[in-house]
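Worksheet: the structure to be examined is printed underneath.
This chain uses plain numbering: 1 for the first residue, then up along the sequence. Since we're looking at a predicted model, the values are computed, not measured. Reckoned from all heavy atoms, side chains included, excluding hydrogens, waters and symmetry mates.
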Amino acid sequence: MNTLNKTLALIALASSSAAFAGTDFDTLDVDGSGTISQSEASVDAELMSKFAELDTDGNGELSREEFSKA
């Protein structure tokens, strides 16, 4: 039973990470500006919850480099 619980926990963790990883920079950069605005990021709740932390230069947008640290 313990192995089953560990397996289920691992599957849950992998699927939540995969869902975020499946949203790539180019898909989110709808206007093609080379950055992801808060408006563009709003389609991904997990990204929005980390937006301020990822926006290290504080300009209100995520560069490709900032997004890669997500």
Exercise. Under 4.0 Å between a Lys/Arg side-chain N and an Asp/Glu carboxylate O for Asp55 and Lys50?
Worked result: no
For this session: Flag the pair Phe67 / Leu47 as yes when at least one side-chain heavy-atom distance between them is below 4.5 Å, and no otherwise.
Result: yes
Exercise. For residues Thr35 and Ser33, is any side-chain donor paired with an opposing acceptor at under 3.5 Å?
Worked result: yes
Exercise. Only one of Asp24, Asp29, Val30 forms a side chain to side chain contact (heavy atoms under 4.5 Å, CB included) with Thr27, so which one is it?
Worked result: Asp24
Exercise. Going from OG1 on Thr56 to NZ on Lys69, what distance comes out if it is rounded to the nearest 0.5 angstrom?
Worked result: 5.5 Å
Seminar exercise, completed: Here the gap from Ser63 atom OG to Ile36 atom CD1, rounded to the nearest 0.5 Å, amounts to 9.0 Å
Closest heavy-atom pair and its distance - [X], [Y]:
{"X": "Leu62", "Y": "Phe25", "value": "O-CE1, 3.7 Å"}
{"X": "Glu40", "Y": "Leu28", "value": "CB-O, 3.2 Å"}
{"X": "Glu61", "Y": "Glu66", "value": "O-OE1, 3.1 Å"}
{"X": "Met48", "Y": "Gln38", "value": "SD-O, 3.6 Å"}

